[in-house]
Peer 1: 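Following this message is one structure expressed as structure tokens.
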Amino acid sequence: MLEVIRFNEDEYNFPCLLVLGCFDGLHLGHSELLKKAKLQAKINGLDLGVMMFTNGKEGKEGKRLYTFEERLKFLESFNVKFVLKIDYTDEFKKIKPIEFLNFLEDKLNVKAYMSGKDFRFGEGAKGKVSTLKSFAEDEENGVWFMPIKDFTIDNEKVSTSHIKELLDEGNVKKAGELLGRHYAICGTVIHGADRGAKVVGFPTMNIAYPENKHEVKEGVYTVRCAIGEEVYYGIANYGGRPTFDEEAPLFEVYLDGFEGTYYGEIITVEFLDYIREIQKFDSAESLNAQLSEDILHAKKEAEIAATLAAAPAPAPVTPAPAPVQEAPVPAEEPVPAPVETPVEEEPCAQPETQDVIEEKAAEVVEETQPVEIVEEAVESSEEAAADEHGTEEITVEEVIVEEPATEEITVEEITDEEPATDEADEQDTESEGEAISD
């Protein structure tokens, strides 16, 4: 189980690598960042920690894609040891960038930081990657910092803000592709008017939409839900019920084949596809007829899923052996006279001596050491790059990104927001006190 560390209250004494960011949605970009962080933590013998907010700004913009509890479950698969829990309060918004980093150093035994290259923090979002870099390069702090580039799919940046836009449009299918999982609602089944069973003919479960969770577009969706060991497909309506002159948004679900009540229980409903907008019908009978068509749509989704699950894995293809061709017998030719001009040959590689072998073994041991050795590797990389490219300057940041620690990482580096420009900096400074952005 993850340990939850409260910002500027609890302590964590074991040397750690702390990943900084909002981690609102834990999408594919976040997943790749956490994979890299997990590897770096293992190489350097550090515990892995992740910073997360419990809440966001007021209004729809500040609502999270997933609740704090939902995100904790996702992080367990990345071997995260602790989560730095931060409440996004007015007091927190006033913390200056360096002050924020000093708070971290006072309570946590941080040896390394990782973040997206556009991570912003501190009062007015004035803290940047350059702030972190300067902080890490200060010898008194004894830490190192690794920025990570954007993660893209089909040349499109994966970001929390873009996923929220897709949900606002009802495009839950595309949002799920960027999240790496179906967008879902986890809530408690509550009592309703019981109109679905008695009037419409489709008994539904009313589910309390979690507070501070980003809403989907109002409409009718194909959904999937696991109850016990059974998986059910069905339809969900999020929004008002104009046929009965009710405008207050409600999340109600009909699961095909499910019988009984589930009051007080917590269930997770996954959004598979958007079907249609909410309509006002002349009668309950007309609504029943439309819902019957919606259910057919859900059944098709279930059939497709069942077909894919039952399909056997393709057998491995074994290439046929190439036919053996007999070499042609060369015709007898006169032996040419020896050429007197010597032919230049490449020198043969000499076997390495025991001293050389020991030196290389020592280098391997040094490369797998914690933070201090990582810095030596960076300096060596800088010297090698200078020898190869003449006077061209290679910065520490570039070397770290391309060859972090001792293993080469081939996954595209990522972040979660657009690169900050001078104009963006001015806008952030004038914003409503946003302290940290993804």
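Since we're looking at a predicted model, the values are computed, not measured.
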Peer 1: Ring centres of F53 and F23 under 6.0 Å apart?
Peer 2: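 No, too far apart.
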Peer 1: Using modelled atom types and a 3.5 Å cut-off, is there a donor and acceptor pairing between side-chain atoms of Y12 and backbone atoms of D47?
Peer 2: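 Not confirmed, Y12 side chain does not pair with D47 backbone.
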Peer 1: Quick one: CG on L108 to CG on D10, what's the gap to the nearest 0.5 Å?
Peer 2: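 Here the rounded value is 9.5 Å.
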Peer 1: Around E211, counting heavy atoms of other residues, nucleotides and ligands shown, do more than 12 lie under 6.0 Å from its CD?
Peer 2: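 Not more than 12 within 6.0 Å, no.
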Peer 1: Strictly distance-based, threshold 3.5 Å: is any side-chain N or O of D24 a donor or acceptor partner for the main-chain N or O of T160?
Peer 2: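 A pair under 3.5 Å: no.
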Peer 1: Indicate yes or no: at least one non-hydrogen side-chain atom of D118 is less than 4.5 angstrom from one of V129.
Peer 2: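 Side chain of D118 against side chain of V129, heavy atoms only: no contact under 4.5 Å found.
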Peer 1: Can you confirm whether or not the ring centre of Y113 sits under 6.0 Å from the ring centre of F119?
Peer 2: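 No: the rings miss the under 6.0 Å criterion.
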Peer 1: D90: which residues meet the salt bridge (Lys or Arg N to Asp or Glu O under 4.0 Å) condition with it, sequence neighbours left out?
Peer 2: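 With neighbours one apart ignored, the set is K93.
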Peer 1: Tell me every residue that passes side-chain contact (heavy atoms from CB on, under 4.5 Å) with E165, counting only those two or more places apart in sequence or in another chain.
Peer 2: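 For E165 the side-chain contact (heavy atoms from CB on, under 4.5 Å) partners, ignoring immediate neighbours, are H162.
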Peer 1: Using salt bridge (Lys or Arg N to Asp or Glu O under 4.0 Å) as the criterion, list what pairs up with K42, not counting sequence neighbours.
Peer 2: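 Partners of K42 by the salt bridge (Lys or Arg N to Asp or Glu O under 4.0 Å) criterion come out as none, since no residue qualifies.
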Peer 1: With a 4.5 Å limit on heavy-atom distance, are the side chains of I295 and Y254 in contact?
Peer 2: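 Sidechains of Y254 and I295: in contact.
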Peer 1: Do L272 and K173 make a side-chain contact, defined as non-hydrogen atoms from C-beta onward lying under 4.5 Å apart?
Peer 2: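 No. Closest side-chain heavy atoms not under 4.5 Å.
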Peer 1: Distance check, rounded to the nearest 0.5 Å: I95 atom CD1 versus N8 atom CG?
Peer 2: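 It comes to 7.0 Å.
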Peer 1: CD of Q290: more than 12 outside heavy atoms within 6.0 angstrom?
Peer 2: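 Enclosed: over 12 neighbouring heavy atoms sit under 6.0 Å from CD of Q290.
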Peer 1: Could you tell me which residues satisfy ring pair (Phe, Tyr, Trp, His ring centres under 6.0 Å) with F271, sequence neighbours excluded, listed by chain and number?
Peer 2: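 Checked F271 against ring pair (Phe, Tyr, Trp, His ring centres under 6.0 Å); matches are Y221, F251.
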Peer 1: Could I get the full list of side-chain contact (heavy atoms from CB on, under 4.5 Å) partners for E11, not counting sequence neighbours?
Peer 2: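 Residues passing side-chain contact (heavy atoms from CB on, under 4.5 Å) with E11: N13, K107.
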Peer 1: Between L28 and G180, which heavy-atom pair has the shortest distance, and what is it?
Peer 2: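 Of all heavy-atom pairs spanning L28 and G180, the closest is CD2-CA, 3.7 Å.
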Peer 1: Are the side chains of L291 and L287 in touch, meaning some heavy atoms are under 4.5 Å apart?
Peer 2: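 Counting from C-beta outward, L291 and L287 do come under 4.5 Å.
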Peer 1: Go through the structure and list residues passing ring pair (Phe, Tyr, Trp, His ring centres under 6.0 Å) with F135, not counting sequence neighbours.
Peer 2: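 Per chain and number, F135 pairs via ring pair (Phe, Tyr, Trp, His ring centres under 6.0 Å) with no residue.
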Peer 1: State the CG-SG distance between N109 and C16, to the nearest 0.5 angstrom.
Peer 2: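 Output value for this atom pair is 6.5 Å.
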Peer 1: Salt bridge or not between E123 and K96? Use side-chain N to carboxylate O under 4.0 Å.
Peer 2: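 Salt bridge present between E123 and K96.
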Peer 1: Applying ring pair (Phe, Tyr, Trp, His ring centres under 6.0 Å), can you list everything that pairs with Y66, at least two apart in sequence or on another chain?
Peer 2: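 Result, ring pair (Phe, Tyr, Trp, His ring centres under 6.0 Å) vs Y66: F74, Y183.
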Peer 1: Taking the side chain as every heavy atom from C-beta outward, state whether Y233 and F258 have any atom pair closer than 4.5 Å.
Peer 2: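 Counting from C-beta outward, Y233 and F258 never come under 4.5 Å.
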Peer 1: I235 versus I275: any side-chain heavy-atom pair under 4.5 Å?
Peer 2: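 I235 reaches I275 side chain to side chain.
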Peer 1: Check side-chain contact (heavy atoms from CB on, under 4.5 Å) between T131 and all other residues, then give those that pass, not counting sequence neighbours.
Peer 2: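 For T131, the residues satisfying side-chain contact (heavy atoms from CB on, under 4.5 Å) (neighbours in sequence not counted) are P97, I98, F121, K128.
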Peer 1: For the backbone of A125 and the side chain of R120, can you confirm whether one donor and one acceptor N or O come within less than 3.5 Å of each other?
Peer 2: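 Pair found, side chain donor or acceptor close to backbone of A125.
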Peer 1: Quick one: salt bridge (Lys or Arg N to Asp or Glu O under 4.0 Å) partners of D294, sequence neighbours excluded?
Peer 2: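 For D294, the residues satisfying salt bridge (Lys or Arg N to Asp or Glu O under 4.0 Å) (neighbours in sequence not counted) are R276.
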Peer 1: Distance check, rounded to the nearest 0.5 Å: L72 atom CG versus T67 atom OG1?
Peer 2: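 Output value for this atom pair is 8.0 Å.
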Peer 1: Going by an N to O cut-off under 4.0 Å, is there a salt bridge joining K300 and E303?
Peer 2: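 Here K300 does not pair with E303 in a salt bridge, since their nearest N and O are not under 4.0 Å apart.
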Peer 1: Cation-pi check, K85 to F68: give yes when NZ or CZ is under 6.0 Å from the six-membered ring centre and within 45° of the ring axis, no otherwise.
Peer 2: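 Checked: cation-pi criterion met.
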Peer 1: Just jot down the side-chain contact (heavy atoms from CB on, under 4.5 Å) partners of L250, sequence neighbours excluded, or say none.
Peer 2: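 Residues passing side-chain contact (heavy atoms from CB on, under 4.5 Å) with L250: N206, R241, E252.
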Peer 1: Under the criterion side-chain contact (heavy atoms from CB on, under 4.5 Å), which of V19, N79, L18 is the partner of L48?
Peer 2: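 Exactly one pass, corresponding to V19.
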Peer 1: Checking V269 against L255 for the side-chain contact (heavy atoms from CB on, under 4.5 Å) test, could you report, in this order, the C-alpha distance in whole Å, the side-chain angles of both residues, the deciding distance, and whether it holds?
Peer 2: CA-CA 10 Å; V269 181; L255 300 177; 6.0 Å; no
Peer 1: Within the structure provided, determine whether T188 and I267 are in side-chain contact (heavy-atom separation under 4.5 Å).
Peer 2: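 With C-beta onward as the side chain, the pair stays apart.
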Peer 1: Is any side-chain heavy atom of W144 closer than 4.5 Å to one of N44?
Peer 2: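 Contact flag for N44/W144 side chains = yes.
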Peer 1: Kindly write out the residues that satisfy ring pair (Phe, Tyr, Trp, His ring centres under 6.0 Å) with F14, not counting sequence neighbours, or none if the list is empty.
Peer 2: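 Listed in chain order: nothing, the list is empty.
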Peer 1: To the nearest 0.5 Å, what is the distance between CG (L101) and CG (L20)?
Peer 2: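 Between L101 CG and L20 CG, I get 7.5 Å after rounding to 0.5 Å.
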Peer 1: Rounded to the nearest 0.5 Å, what's the gap from CG on N212 to OH on Y209? Could you check?
Peer 2: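 With rounding to 0.5 Å, CG (N212) is 12.0 Å from OH (Y209).
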Peer 1: Which pairs pass salt bridge (charged side-chain N to carboxylate O under 4.0 Å, His left out) with one or both residues in residues 70-82, sequence neighbours excluded?
Peer 2: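 Non-adjacent pairs meeting salt bridge (charged side-chain N to carboxylate O under 4.0 Å, His left out): E70-K213.
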Peer 1: One thing to verify: whether D168 and K217 come together as a salt bridge, which I'm taking to mean a side-chain N less than 4.0 angstrom from a carboxylate O.
Peer 2: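 No, this pair does not count.
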